[in-house]
4 protein chains.
Amino acid sequence: MTDPRVLRSRGALLEAALDELAAAGYAAFSMESVAARAGVGRSTLYRHWNDRLQLIADALETLNVQPGPPDDAPAQEPEWGHVEKLLRHLARALTDSAVSRCLPALVHAAEQDAGVREFLQGYSLRRRQALVSVIADGIARGEFRSGDPETMADALSGAVFYRRLMTGLPVAPGEVPGLVAAVLGDRMRRPDRGET
Amino acid sequence: MTDPRVLRSRGALLEAALDELAAAGYAAFSMESVAARAGVGRSTLYRHWNDRLQLIADALETLNVQPGPPDDAPAQEPEWGHVEKLLRHLARALTDSAVSRCLPALVHAAEQDAGVREFLQGYSLRRRQALVSVIADGIARGEFRSGDPETMADALSGAVFYRRLMTGLPVAPGEVPGLVAAVLGDRMRRPDRGET
Amino acid sequence: MTDPRVLRSRGALLEAALDELAAAGYAAFSMESVAARAGVGRSTLYRHWNDRLQLIADALETLNVQPGPPDDAPAQEPEWGHVEKLLRHLARALTDSAVSRCLPALVHAAEQDAGVREFLQGYSLRRRQALVSVIADGIARGEFRSGDPETMADALSGAVFYRRLMTGLPVAPGEVPGLVAAVLGDRMRRPDRGET
Amino acid sequence: MTDPRVLRSRGALLEAALDELAAAGYAAFSMESVAARAGVGRSTLYRHWNDRLQLIADALETLNVQPGPPDDAPAQEPEWGHVEKLLRHLARALTDSAVSRCLPALVHAAEQDAGVREFLQGYSLRRRQALVSVIADGIARGEFRSGDPETMADALSGAVFYRRLMTGLPVAPGEVPGLVAAVLGDRMRRPDRGET
DNA sequence: CGCTAACCGAGACGGTACGTCCCGTCTTTAC
DNA sequence: GTAAAGACGGGACGTACCGTCTCGGTTAGCG
């Protein structure tokens, strides 16, 4: 496993697999094409993964980078800013990244394959829990109006996913404050411009 | 087109196509298998649709039944009840129906094919507009707290889609009031159990 | 089976299979290459024969042309002439024909595959029986010296096969009379140059 | 070459190669399988022989044991007995031995590869020359009827090879006297029971 | 009420990708 | 320092569908 040739091949293939997933989708995903993208023999591909699903599942682990460290704890109303940060991260992830390009393929694959499903739900769950706990904190501090933090988190995340998957118009980072205000806010709000 | 043999074939094939889509997914969707399901020759299938995408797009039109007539105009706070009704309809549609079974395949196909994309976004848009206008009415009447009706609609619909697509736990009809309250409500609520 | 496309494909493929057998041998026999020789899609090949062995077995039936009609009954010592004719036919078949080119492949394939073995032994047996009966007749008529016709037939055929398979020097038609004389003859001989 | 490990490997591999040739035939002969049979790494195999043909050719040299020493000079008609001995040896070799098991593969390989061809023809030639010279002696002594010793030798050897390769019924040692009588004999014969 | 036109199934055709196996070459590691 | 382990690119295997096509047979509905 430490053989440098293996590392080279695996890396190139995983990257190529994500490219292929983004470009061709899950249905038209072709092992042949992945190998070609990676500049690697087809047999090398099959030496490392027995079939399409194993390769895809493995490639997806690659995407598993979590939103980011808590924050640099700003001044006032820190939970509000934190929620915005998490959602902006999500909005951006669903606009530009490899995740976004692969998401529709993933959603579909999850329906067919338990491994992919596990990955997708786990991915989603981790984000959601982070969001839920920040919201709960905010409620406790009186920053947000009271309510069930889980439902609120679903509404916030849901809006972002919905716009990406079901409409042609993903949520832009600039729309995040409005969204947060709609779900969590109650009185006059003035979210700062935290972060990029 | 009025030849009864044609009608019979078309009908059986469209139905079979939806079955196949639900059972095998978009990736493993097989024309061969659709023809077999429909008890029809493969060439008959290709006589009506030139390829997989045309067939799928056509089959999906079949599902295009809109949420339902306005309502039977109940007593108090009619918009509140109407919003709940729309969301319950959506929640149920995303739990049981053919739509639900095909949705992941659709989301994926939409990414690849303009026709499917158009269908999916149109489908989504019609629902959303109905919801938006009801919300706007409710805000105007003072039933809901004030805010941007579109953002609110995204949060509500989004939560339902999100739970279906990204978690293993779709929204149950009983959860709808809590969701509506979280996004639209502000003060004391007591929505009745309107409708099934 | 009466579809002209099928006939065209089958014919071209069987011919190509024999060519391939002669050129590449049994070990290196490639379905891919047969299809290419026949100018036919690989899938068409596999539609008609499930695998290499079935194709080869079928192609060999093609070779199953028996030595020829009895003879045009010449003057004196007719059996002597007939034996020479049969052996000359064999000698020629093992020098030039498709059979000759395929024979080594066949001998080998027969060892591995029952179908091929049956074909080869049947092929051999028919020739041998014809030869045996002519020899028996000749013995009865006093044309040949007495002995066991089967042993004599083995010696005659054997010499021809042996020279083809184990030495680089097949039996030339001109050598046939000498061979026949060695095994069957006893007294003064002078067979004419009957036939080609 | 004097390294004992090398000798051990070579030996095991040559033996394994013959086993594989007998078991799988020439067509299905697999280097992978030879290495496995010998309990040796694939790369070790390729260190000693560059490819399949070199290995097979080398392995066949192993079989190159000549028929046997002249004889223990019996009483009368010594050439007759000697011919029978040579043919019995051949008959047995083509019934039981490693040679017999490999012969069809060899015949085929010889057609494809000059090295194998050389080996096979050489092998055959040495036997044949021994036989020819004994026959010539016998003719000179008046033991056999007169004729061309080479043709006679072809008929005798040929019968044995023919029965092995083209029919399912190899020549049994007991059939040898009859065969010899048919080709060489002229008058009343009574071969002794020389040798096993 | 019989004819013609369409629609039908069956399935051949050339392709492409699958996942498997083995080739002969090569690099790396461990004894 | 040699041998085992096994990665590498390549290519054929036999399978499954693809989308196109050619076939007869049947079934409609019009004349």
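By convention in this document, chain letters (A, B, ...) are assigned in the order of the sequence lines, proteins followed by strands, and residues within each chain are numbered from 1. Values in this document were obtained by computation on a predicted structure and should not be read as measured data.
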Engineer: I need the C/L53 CG to C/Y26 OH distance, nearest 0.5 Å.
Structural biologist: 4.0 Å

Engineer: Applying side chain to side chain contact (heavy atoms under 4.5 Å, CB included) to B/L60 and B/L18, what does each step give before you reach the verdict?
Structural biologist: CA-CA 8 Å; B/L60 294 177; B/L18 288 179; 4.2 Å; yes

Engineer: Under the 3.5 Å rule, do the base of F/dG10 and the side chain of A/R42 count as making a donor-acceptor pair?
Structural biologist: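 Checked by distance alone, the answer is no.
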
Engineer: Which residues, if any, of residues 47-55 of chain C bring a heavy atom under 4.0 Å of DNA chain E?
Structural biologist: C/R47, C/H48

Engineer: Once you round it to whole Å, what is the distance between C1' of E/dG19 and CZ of A/F29?
Structural biologist: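 Rounding to the nearest Å, CZ of A/F29 and C1' of E/dG19 are 14 Å apart.
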
Engineer: Enumerate the side chain to side chain donor-acceptor pair (under 3.5 Å) contacts for residues 48-59 of chain C, please, sequence neighbours excluded, ordered by first and then second residue.
Structural biologist: C/R10-C/D58, C/W49-C/D58

Engineer: What's the closest nucleotide to the side chain of C/E32 if the choices are E/dG19, F/dC13, F/dC8?
Structural biologist: F/dC13

Engineer: Kindly write out the residues that satisfy salt bridge (Lys or Arg N to Asp or Glu O under 4.0 Å) with B/R8, not counting sequence neighbours, or none if the list is empty.
Structural biologist: none

Engineer: Please give, in whole Å, the distance from E/dA17 C1' to A/E20 CD?
Structural biologist: 12 Å

Engineer: Quick check for you: among E/dC8, F/dA28, E/dG9, whose closest atom lies nearest to any side-chain atom of B/T44?
Structural biologist: E/dG9

Engineer: Rounding to a whole Å, what distance do you find between D/I56:CD1 and E/dG24:C1'?
Structural biologist: 15 Å

Engineer: Using salt bridge (Lys or Arg N to Asp or Glu O under 4.0 Å) as the criterion, list what pairs up with C/R5, not counting sequence neighbours.
Structural biologist: C/D3

Engineer: Please tell me which of C/G39 and D/M31 maps to the more 5' nucleotide of DNA chain E, matching each residue to the nucleotide holding its nearest heavy atom.
Structural biologist: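 It is C/G39 whose nearest nucleotide is closer to the 5' end.
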
Engineer: Between F/dG24 atom P and C/D3 atom CG, what is the distance in whole Å?
Structural biologist: 8 Å

Engineer: Return the value, rounded to whole Å, for the distance between atom CG of A/L7 and atom C1' of E/dT28.
Structural biologist: 12 Å

Engineer: If I take atom CZ in residue B/R10 and atom P in nucleotide E/dC7, what distance separates them, rounded to the nearest angstrom?
Structural biologist: 12 Å

Engineer: Kindly point out which of E/dG24, E/dC18, E/dA12 is positioned nearest to the side chain of A/Y46?
Structural biologist: E/dC18

Engineer: Tell me which of B/S30 and D/S9 sits closer to the 5' end of DNA chain F, going by the nucleotide each one is nearest to.
Structural biologist: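 Checking each residue's closest nucleotide, the 5'-ward one belongs to D/S9.
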
Engineer: Scan for side chain to side chain donor-acceptor pair (under 3.5 Å) pairs involving residues 35-45 of chain C, sequence neighbours excluded, and state none if there are none.
Structural biologist: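 The answer is C/E20-C/R37.
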
Engineer: Side chain to side chain donor-acceptor pair (under 3.5 Å): which pairs involve residues 98-111 of chain B, sequence neighbours left out?
Structural biologist: A/R164-B/E111, B/S100-B/R164

Engineer: For F/dA7, take OP1 and OP2 only and decide whether either is under 4.0 Å from a side-chain N or O of A/S43.
Structural biologist: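 No, A/S43 has no side-chain N/O under 4.0 Å of OP1/OP2 on F/dA7.
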
Engineer: Report which part of the nucleic acid A/S33 touches: base, sugar-phosphate, or nothing (heavy-atom distance under 4.0 Å, all strands).
Structural biologist: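 It contacts nothing in the nucleic acid.
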
Engineer: Pick the nucleotide of DNA chain E nearest each of A/R5 and B/L45; which residue has the one closer to the 5' end?
Structural biologist: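 The residue closer to the strand's 5' end, by nearest nucleotide, is B/L45.
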
